[in-house]
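Data first, discussion second: the structure below is written as structure tokens.
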2 protein chains.
Amino acid sequence: MSYSLRQIRALTAAVETGSFGRAALRLHVSQPALTLQIRALEESLGVTLFDRSARGVRPTPAGQALAASFQRILDDLETVVAGAREQAQRRSGVVHLAVLPSVAANLLPGALARLRAAHPGIRVMVRDAVARRVAALVKAGEAELGIGHAAGPEPELEETPLFEDSLVAVLPPGHPFAALKEVGLPALAAAPLVLTDPESSLRTLAEHAFAAAGLAIRPAYEATYMSTAVALVRAGLGIGLLPATAVELRVAPLLETRPVPSPLLRRRIVLLRRRGASLSPAAEALAEVLEG
Amino acid sequence: MSYSLRQIRALTAAVETGSFGRAALRLHVSQPALTLQIRALEESLGVTLFDRSARGVRPTPAGQALAASFQRILDDLETVVAGAREQAQRRSGVVHLAVLPSVAANLLPGALARLRAAHPGIRVMVRDAVARRVAALVKAGEAELGIGHAAGPEPELEETPLFEDSLVAVLPPGHPFAALKEVGLPALAAAPLVLTDPESSLRTLAEHAFAAAGLAIRPAYEATYMSTAVALVRAGLGIGLLPATAVELRVAPLLETRPVPSPLLRRRIVLLRRRGASLSPAAEALAEVLEG
DNA sequence: GTAGCTCATGAGGTTTTCCTATGAGTGCGC
DNA sequence: GCGCACTCATAGGAAAACCTCATGAGCTAC
């Protein structure tokens, strides 16, 4: 025979109120029900918890001590449960998010601001990583959500499209191409280009697009950091081939961008989550903000 | 709707075993029962605790975290309950005992040794005090048990007789009264007496006995400590009127004792407890040893 | 002495809980 | 490619736990 939370609550209430009747009132049960709970607990523990007399009950030392111990445990329990319910209501919680550096710098801040506005209690732990690593982090469960590239069908990952990022031609001030509505690949191939470094996925994307068009790429400059690349273009050293969403472009005056008509220069940025793994309420909230 | 210990145990077992079926096995319930417990807990908390698939379940981060918190609480609870049960079985526990100094020095050590032999885990906090204070301590609940004098009918205290302590005549070596079987009050009144100090209850007892016999008491010496009194008698300075149970008499060679035929020189030593207050199991054990 | 308080008791009914049997989805081995 | 084995989910009926209402019994106080 075992004890239950009801019995434990009955004990603490009875010790606190000093009366079975008042304890029953507090717990919204009838007095006989409470009497039975206490008796069951006494039998289960093999301990007399109260001395009964016709003019009331008085806790035994054991009852007093147990009530104090139980009260502490009940408080602990209440705290844990309240925390869980709070998280369920999106009033608190933590999401671990793995995200591409470019997105972290551009799209993410606004999204986090919207999340904070809607759910001020939710904290987001952001980890920026290259596309491959974003996927790995989500697969390993180290990140609940990831923002990365569409990488084709992965059995373990589920992708939700967020937006498309395309490489655009970035023209130095006064460049003749500014007269065009768009800049074709052949024209770009013939011009000196400012590209990102050969290790980056942006560069790989560019290489593939040119190769598919039967063109060779002619990098005049390679920069690791976006801000360097932008500065080089601005100095007139070449045409940049850079992601349209890069914040560095938006804040750089005098630079004009033109689309490049190639489907291969587009990247679908997607939200990644583990397939079959439900999200925590906090992650759910973040996903909604990102997808909405 | 609220949560229960069963549900909490179901969660921790399921997270630990990684399977509803194995958890059910461990908790000795059927698998559907466990499934329902988990679901009820999820509904109560508003949190998804497991991701279900046809090939098994996997705890969500929330489930994992809650299971860990709950496990700690369950361990706490288990410890408290185990402690209570241990005390109920007299395998541990504490008794606060108030006791007359004379009894503490004489009867008590043997009793505590017997208690230790029977119940090694029980600790006894001994507090020696004069009779009036013994009664007060028990009344106030500061001592669960008391060893004191029979003090007539007290509404709050219950008395169980332990033994009788009578004042006996303690004769110096070679005293002529050694030829007698007993020493009457008149003979004592005529002799120089070694008594305890006027504040002590022993002295009061002696005064009353003499007064009732129409005799005046003639203290030659008054000693506060029993050992002093014994030493005075041994030095031949008078006849002692001391409690028969005093250990100092038993270990003093050459001293002989003779009963004094007066019912007023007897004291009933009783075990005191609060009326209507049940004893802790540890106190129960001590009472048994004392009364047995 | 009676009214008012306490907790205990007993009967009856309701709610909860559980178990057995079965279903349904997935992975594995033949 | 097809069952077989394993997982958890579902459903219906039975058992157990629980609660409430009504009442009893012991004590206190007026």
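Lettering follows sequence order; numbering is per chain, from 1. Everything quoted here is computed from the prediction, not taken from an experiment.
- Counting heavy atoms from C-beta on, the side chains of B/Leu34 and B/Leu27 come closer than 4.5 Å.
- The CZ-P distance, from B/Phe50 to D/dA9, rounds to 10 Å in whole Å.
- Evaluation of the side chain to side chain donor-acceptor pair (under 3.5 Å) test over residues 269-292 of chain A, restricted to residues two or more places apart or in two chains, returns A/Arg90-A/Glu288, A/Glu144-A/Ser280, A/Arg273-A/Glu291, A/Ser278-B/Asp51.
- In this structure a side-chain-to-backbone donor-acceptor pair under 3.5 Å is present from A/Thr60 to A/Thr48.
- Within the 4.0 Å cut-off from OP1 or OP2 of D/dC8, at least one side-chain nitrogen or oxygen of B/Ser19 is found.
- With hydrogens and angles ignored, the 3.5 Å screen pairs a side-chain donor or acceptor of B/His208 with a backbone N or O of B/Thr204.
- Per the geometry, CZ belonging to B/Arg275 stands 12 Å off P belonging to D/dC27, to the nearest Å.
- Contact annotation: A/Arg39 does not reach the phosphate of C/dC7 (side-chain N/O to OP1 or OP2, under 4.0 Å).
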Would you tabulate the pairs of protein nitrogen or oxygen atoms and nucleotide nitrogen or oxygen atoms of nucleotides 19-22 of chain C closer than 3.5 angstrom?
{"unit_1": "C/dC19", "atom_1": "OP2", "unit_2": "B/Ser30", "atom_2": "N", "d": "2.9"}
{"unit_1": "C/dC19", "atom_1": "OP2", "unit_2": "B/Ser30", "atom_2": "OG", "d": "2.9"}

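- The backbone N or O of B/Thr17 lies less than 3.5 Å from a partner atom in the side chain of B/Arg22, making a donor-acceptor pair.
- One can place CD1 of A/Ile38 at 13 Å from P of D/dC18, the figure rounded to the nearest angstrom.
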What pairs of donor and acceptor atoms, side-chain ones from residues 63-72 of chain A against any protein atom, are under 3.5 angstrom apart with sequence neighbours left out?
{"unit_1": "A/Ser69", "atom_1": "OG", "unit_2": "A/Ala65", "atom_2": "O", "d": "3.3"}
{"unit_1": "A/Gln71", "atom_1": "NE2", "unit_2": "A/Asp75", "atom_2": "OD1", "d": "3.0"}
{"unit_1": "A/Arg72", "atom_1": "NH1", "unit_2": "B/Asp76", "atom_2": "OD2", "d": "3.2"}

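- Side-chain contact between B/Leu107 and B/Thr245 is absent, with no heavy-atom pair separated by less than 4.5 Å.
- Rounding to the nearest 0.5 Å places CG of A/Leu97 at 8.0 Å from CG of A/Leu271.
- Ranking C/dA8, D/dC18, D/dC8 by closeness to the A/Phe20 side chain, first place goes to C/dA8.
- Atom CG of B/Leu41 is separated from atom C1' of C/dT17 by 16 Å (rounded to the nearest Å).
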Hey, what are the protein-to-nucleotides 24-30 of chain C N/O distances that come in under 3.5 Å?
{"unit_1": "C/dG25", "atom_1": "N2", "unit_2": "B/Ala54", "atom_2": "O", "d": "3.2"}

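- Regarding B/Leu5, its CG atom lies at a distance of 15 Å from the C1' atom of C/dT17, rounded to whole Å.
- A/Gln37 places its CD atom 15 Å from the C1' atom of C/dA8, with the value rounded to the nearest Å.
- Atom CG in B/Leu25 sits roughly 15 Å away from atom C1' in D/dC8 (whole-Å rounding).
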query = Can you check side-chain contact (heavy atoms from CB on, under 4.5 Å) on B/Leu145 and B/Val138, steps first, answer last?
reply = CA-CA 6 Å; B/Leu145 290 173; B/Val138 174; 6.0 Å; no

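- A close approach under 4.0 Å does not occur between any side-chain nitrogen or oxygen of A/Thr35 and OP1 or OP2 of C/dC7.
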request  = Under the salt bridge (Lys or Arg N to Asp or Glu O under 4.0 Å) rule, what do B/Arg26 and B/Glu16 come out as? Steps first, then yes or no, please.
outcome  = CA-CA 11 Å; B/Arg26 172 190 292 197; B/Glu16 250 185 72; 3.1 Å; yes

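- Checked by atom type and distance alone, the side chain of B/Gln87 never pairs as donor or acceptor with a backbone atom of B/Ala84 at under 3.5 Å.
- Dashed line: the shortest gap from a side-chain N or O of A/Arg52 to OP1 or OP2 of C/dA8 is under 4.0 Å.
- Note: CG (A/Leu34) to P (C/dA8) measures 10 Å, nearest angstrom.
- The side chain to side chain donor-acceptor pair (under 3.5 Å) contacts involving residues 33-44 of chain B comprise A/Arg85-B/Ser44, B/Gln31-B/Thr35, B/Glu42-B/Arg52, where partners must be two or more places apart or lie in separate chains.
- In the region residues 8-17 of chain B, proximity to DNA chain C at under 4.0 angstrom, judged on heavy atoms, holds for none of the residues.
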